[in-house]
Every structure is written in C-alpha cells, then in structure tokens.
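Written below as structure tokens is the structure these notes are about.
Order of the sequence lines sets the chain letters (A, B, ...), proteins ahead of strands, with each chain counted from 1.
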Amino acid sequence: MTAPVVLRCTDARYRHACAELPRRLAEAEESRGAVVVVPGAGDWVSAAAREIEAGATALVVADPDPSVDLDSLERIARRVPIVLDRPWFRADLCAELGAAAPEELPLALTAECIVPAGESAHVVADALGWLRVLGRGGCEVVASRRSGRAALAQLLAGGGMPASLLVTELASGLGGPSIRVLALGGERVEVVTDAAANLMRVRVEDSTGSRTLPRRFESRERLSLRRALAAVGGGEALHDAEGFARDIHALRSISGTL
Amino acid sequence: MPYGVGLIGAGPGVEALHIPTLARLAEHLRVVHVSGSGSGRAAALGARLGVRASTGSAELLADSEVQVVAICSPPERHAEQILAAVAAGKRAILCEKPLALSREDAEAAIDACRASGTALIIGTNHLFDPAWNRTKHHLLASGGEVRALSVTAALPPNGRYHEVVAEPEASAVPQRPRPDWGDPVVAAGIVRQLVLGLAIHDLPALRDLAPHAPRIVFARPIAPIGYSIGYQAGEVLVQLTAVMVPGGADALWRMSVMTSLDRIDVEFPPAFVHAGSANVTVRTPDGRINGYPLDPSDGYVEEWCALLHALDGTDSIEYAELLDDALYAIELADAAAHAIREGGRR
C-alpha cells in the first residue's frame with residue numbers, strides 16, 4: 001500500500017470527505033506536498049496562488065466565487081491541478097453525459113434558474129456550465145434583458161446552437177435555488193438541480209423511453225478530492241478552470257441584467 | 001337532438017382530431033357535412049362517415065342541417081370563413097387557431113360574431129384544458145407574483161399521434177421542404193407562421209398572466225423548424241422555445257409559471273391524443289413538488305363543451321377577450337418577424 005497523500009483544510013465538509021478516503025488521504029498541517037482545500041469566497045485565486053507558493057501539489061476550491069480574476073486563474077491552473085467544486089455542477093455526471101452523448105447535437109437548449117434574492121451569480125454560473133456540457137461548447141450571450149425580478153438572455157452555445165436562459169428571483173427570505181436545463185433533440189436530456197430538495201437529477205429520453213442517470217451518493221467534496229488525487233497521480237487531466245472561465249465570461253456578459 | 005356540425009377542411013388534423021373528438025360528444029354534436037379543397041379527402045371522409053361532402057365552403061354553409069361550423073382550413077381563410085358562416089346565419093363556430101392573420105381581419109370577424117350573437121370559440125385547446133383553471137386557481141390562492149413564464153415544446157412528427165387516434169392514409173401528411181433559414185425574409189415569415197400556428201396554443205393563457213403588449217427581447221428560428229423567442233410583457237419576462245424534432249423522444253410541451261413563491265409546471269399531453277388533462281405540479285422554495293390529480297377530460301373535448309355551453313345559454317362568449325387574444329398573438333408574431341428581418345440585415 002502506498003502512503004496516503006496529505007490534505008490540508010479547515011472546512012468540515014472536506015474533513016468528512018477525507019475520512020471517507022482513509023487509504024488515500026490523511027490530514028496535514030502543512031501545505032507543502034499536500035492537496036489543499038481553498039475556500040472559494042472573495043479573492044480565492046490569490047489565496048490559491050499562495051498555497052501553490054507554499055508547496056501545494058493540487059488544489060480543491062470550495063464553492064468558487066464567480067467574481068474572480070480569470071487571467072490569474074489561468075496562470076495558476078498551469079502550475080498545479082485545480083479542482084473547482086461548484087455547488088450545482090458535478091464532474092462525474094458531466095463525464096457520464098459526455099461519454100454517452102449521441103453523435104447528433106441537440107437542436108436547442110433552454111435553462112431556467114430560480115434563485116434566492118440577490119444570489120443569482122453562483123446559480124447562473126452553474127447553469128451556464130450545464131449548457132456548455134450539453135451544447136458541447138461555451139455560451140456566447142447575444143441579448144439580455146432584466147425586468148422586475150427576472151432576467152432573460154439569448155445565447156449561442158457551442159457551434160452556434162440556439163439557447164436561452166431565464167432567471168427568476170424568489171421573494172426576499174425564501175431560499176432554495178434550482179436549475180433546470182434542457183437539451184432538445186431526438187434525444188432529450190434534462191438536468192435538474194434543487195438545493196432545497198438536495199436533488200441533482202439527469203434524465204435522458206429517446207424513442208425507447210427514459211432513463212435517469214444513477215443518483216450519486218458520493219458527496220461532491222469526496223468526488224472533488226478523488227479527482228484531485230487522480231490528477232496528482234497523473235490519471236486525470238483537469239479542465240475545470242478552463243470550463244469555469246468560459247462560463248464566467250458568459251455570466252459577465254449578462255451580469256448587468258442579473 | 002344533436003347539433004349538426006359542418007367541417008370546413010378535411011386535412012389530417014380534422015381526421016385525427018375533430019372527428020374523433022366529436023365522436024366523444026355524439027349525444028350533443030354530430031357531423032353532417034364535410035367540405036374540402038377538392039383533393040378528394042372530403043369526399044373520402046364524407047363517405048366513411050356517411051355524410052354529405054362538398055368542395056369549397058358555399059354548399060356546406062347553405063346546408064340547413066349545418067347549425068355549427070368548424071373552420072379547420074388553412075389560417076389565411078379563417079376570418080373570411082367566419083364572416084361567411086355568420087352571413088349564412090349559423091348559430092355557432094369553432095374556428096381553429098388563429099382567428100386571423102391581421103388586426104383588421106380579427107376585428108371584422110369578432111365584430112360580425114358580436115353583432116349577430118354567433119357563438120365563437122377559437123381552438124386554443126391549452127386554454128380549455130382543465131389544468132389551466134387549476135393553475136389559475138393556485139396562483140390566486142397562493143398570492144405569488146408572476147415574474148416569468150416559459151413554454152418549451154419539442155415535438156416529434158404529428159403522424160406518431162395521428163396513428164393512435166385515427167387510421168390515416170400513408171400519404172396523409174405532406175412532407176414540406178426545408179426552409180432557407182439563411183434568408184432573413186423567409187425565416188421571419190416562417191417564424192411568424194409558427195407563432196400564429198404553434199405558439200398560439202399557449203398565448204391566450206400567457207396573456208392571462210402577462211397581459212401587457214409584448215416587447216421582443218430576441219427572436220430567432222431553430223432548424224429544422226422552430227423558434228426561440230424572448231419577450232417582455234409589462235414586468236413579466238417570457239421565454240418561448242419550440243422545435244420539431246425528427247423523431248426520438250415523445251412530445252414535451254411544458255408551460256412554467258415562475259412566481260415570487262414557487263414554480264408551477266403545466267405539462268400538456270401530446271397533440272391529438274385524449275390522455276386527460278395536462279399535469280400540474282408546483283415546486284415550492286423548500287424543494288417540495290406538489291402534484292394535482294389529472295382530470296379525465298382534455299382541452300380538445302372542453303373547447304367543444306364550451307361551444308355547447310354557449311349554445312345552450314349556460315355560458316357567454318367574451319368577444320373582447322377573443323379579439324385581445326388574437327391581437328396579442330398577431331403583435332407578437334409581427335414583432336418576432338421584424339426582429340429576425342432586422343437581425344438579418346445587420
């Protein structure tokens with residue numbers, strides 16, 4: 001048995017996940033040689049850069065804030081593997097969807113987000129992530145409008161695929177963001193995430209019926225740590241930063257309307 | 001004694017939709033006359049039903065046994081045929097959507113019906129679906145402020161559903177050539193037709209919740225046939241997406257109402273079939289999904305029932321609402337077409 005990789009973090013969620021990887025991870029005090037979990041609030045790219053300077057071998061960014069400097073992110077992503085652990089966007093489901101995607105592209109995409117008042121950026125960023133995965137390319141914003149407590153945008157997904165995005169704010173004090181993304185075509189894919197219901201469901205329908213991808217019982221924190229470990233071991237190339245940057249570019253094009 | 005119904009139009013929609021629907025209401029309504037464009041379909045349908053058949057609408061409108069007229073012809077004929085039916089003294093008209101393609105024609109048709117007291121129902125079946133009243137009742141009871149609306153339709157070829165409610169000829173559904181979406185004038189014209197022929201299923205219901213004049217945010221066609229349209233009506237934003245898929249998954253036709261408190265999804269069954277009402281679910285902010293039971297009836301049956309209620313005097317026709325519904329759709333169709341033409345020029 002090889003020695004476990006060490007983990008440095010203060011976030012209880014990742015410590016719990018570490019306990020679920022006892023043969024591969026052990027907690028450490030030092031960043032040097034460790035997989036380090038960086039809180040995604042505020043200027044997390046600078047915090048991540050400091051951890052790299054301190055010798056971190058890989059980073060997991062928890063709930064990365066979208067208002068980050070993307071040039072700096074691109075620079076640090078070239079130095080060590082970085083996993084971006086996004087609240088409503090799971091890499092394992094994306095990988096499964098990608099592996100099973102039909103040859104034909106969808107004809108159109110739609111996304112609907114329900115967000116708590118004033119908290120739309122994280123949710124919309126992750127909706128844009130699903131649109132990128134289903135549309136097989138990042139989104140470009142063509143037009144957008146805000147009215148009252150809702151926003152609407154016309155998008156072009158990968159290769160010019162028509163897409164649109166509708167964001168609705170709940171009344172003040174109500175929580176529970178939800179994302180629903182649809183890829184419309186001969187095969188129809190629907191991604192639903194619902195924070196209040198602790199739900200993340202992917203359903204695929206075609207002429208033979210519908211199937212729901214297996215529910216993931218592994219916590220997203222454990223998944224992120226496993227991906228970081230795989231990258232450290234050379235088994236998985238990570239493109240989280242690249243995908244995140246594309247989503248954030250689109251998000252910023254409509255941020256004036258959010 | 002059932003009312004005698006004359007069907008103007010003998011296309012696949014009549015065969016798969018109105019004739020089977022009227023069979024469910026045989027105590028009250030019976031087909032007595034079918035007229036067509038001269039293709040032979042009306043004669044074949046008439047022979048099968050054992051009723052009179054003719055070409056054009058004049059003979060049908062002169063038929064004294066025809067008390068109720070169903071206008072199922074191409075949309076550009078609807079308004080003039082309403083006027084002709086009124087002039088012929090018919091008591092009631094069920095006109096397939098849209099009422100008319102222009103403001104002037106819509107006003108003339110409504111004025112004529114109102115002046116003569118002719119009952120008029122437009123076949124926007126989603127508006128008549130029992131689920132829609134349920135949805136409106138929920139909105140009233142919850143007090144949620146409507147903030148956004150979305151209608152998403154992904155529709156396989158109609159033939160799939162024709163075959164489960166009728167026995168159509170193999171050649172009954174004509175194949176249309178693919179449009180040249182690269183030509184903005186062509187694209188604008190087709191999207192206008194799609195708004196007035198397809199989106200119109202839901203526009204009267206959307207107008208219930210977002211009654212202000214629609215202002216386009218974006219509009220574009222979707223190949224092979226479809227549209228993506230965003231508009232604003234008052235403070236409410238509306239997202240409309242429809243695409244005809246070549247096959248594959250069953251039809252999706254979902255209207256979503258996003259309020260300050262919840263999201264209501266109304267999922268309609270595929271066109272033509274009689275599978276009960278739409279399915280209504282409410283997603284609450286704490287993540288619960290509350291479902292309402294399905295009603296055994298559907299919008300196709302209920303639109304005919306609405307006409308019967310008007311005929312027997314238990315309900316009245318709201319002519320002003322019918323006109324405003326028509327004008328809302330025409331305004332949206334024109335605005336979407338304009339946006340596409342202008343986008344093409346740029």
Please examine the side chains of A/Leu156 and B/Arg220, heavy atoms only from C-beta on, and report whether any two atoms are closer than 4.5 Å.
yes
With a 4.5 angstrom heavy-atom cut-off, is it the side chain or the backbone of A/Glu190 that approaches chain B, or both, or neither?
side chain
Determine, step by step, whether B/Gln232 and A/Arg145 satisfy the side-chain hydrogen bond (donor to acceptor under 3.5 Å, both in side chains) criterion, reporting the C-alpha distance in whole Å, the side-chain angles of both residues, the deciding distance to 0.1 Å, and the verdict.
CA-CA 9 Å; B/Gln232 181 177 348; A/Arg145 173 84 54 90; 2.7 Å; yes
Check whether any side-chain heavy atom of A/Leu152 sits under 4.5 Å from a side-chain heavy atom of B/Ser150, and report yes or no.
no
Lys/Arg-Asp/Glu bridge criterion (N-O < 4.0 Å) met for A/Glu112, B/Arg254:
no
Under 4.5 Å, heavy atom to heavy atom, which residues of residues 221-229 of chain B contact chain A?
B/Ile222, B/Ala223, B/Pro224, B/Ser228
Do the side chain of B/Ser260 and the main chain of A/Ala171 share a donor and acceptor less than 3.5 angstrom apart?
no
Can you find a heavy atom in the side chain of A/Leu184 that is under 4.5 Å from one in the side chain of B/Thr152?
yes
If I compare all heavy atoms of B/Glu235 with all of A/Gly148, which pair ends up nearest, and what's the gap?
OE1-CA, 3.6 Å
Side-chain H-bond candidate by donor/acceptor type, B/Gln239 with A/Ser164, under 3.5 Å
yes
Quick one: does B/Thr241's side chain get under 4.5 Å of A/Leu182's, heavy atoms only?
no
Heavy atoms under 4.5 Å from chain A: which residues of residues 134-144 of chain B carry them?
none
Which residues in residues 271-285 of chain B have a heavy atom less than 4.5 Å from any heavy atom of chain A?
B/Arg283, B/Pro285
Against chain A, label B/Leu155 side chain, backbone, both or neither, depending on which of its atoms sit under 4.5 Å from a heavy atom there.
neither
Test item: side-chain donor near acceptor, A/Arg180 and B/Ser256, under 3.5 Å
yes
Which atom of B/Ala148 lies closest to which atom of A/Thr168, heavy atoms considered:
CB-OG1, 3.5 Å
Sorted by number, residues from residues 195-213 of chain B in contact with chain A (heavy atoms, under 4.5 Å)
none
Euclidean distance, B/Leu240 CG relative to A/Thr110 OG1, rounded to 0.5 Å:
11.5 Å
A side-chain contact here means heavy atoms from C-beta on lying under 4.5 Å apart; do B/Val217 and A/Gln154 qualify?
no
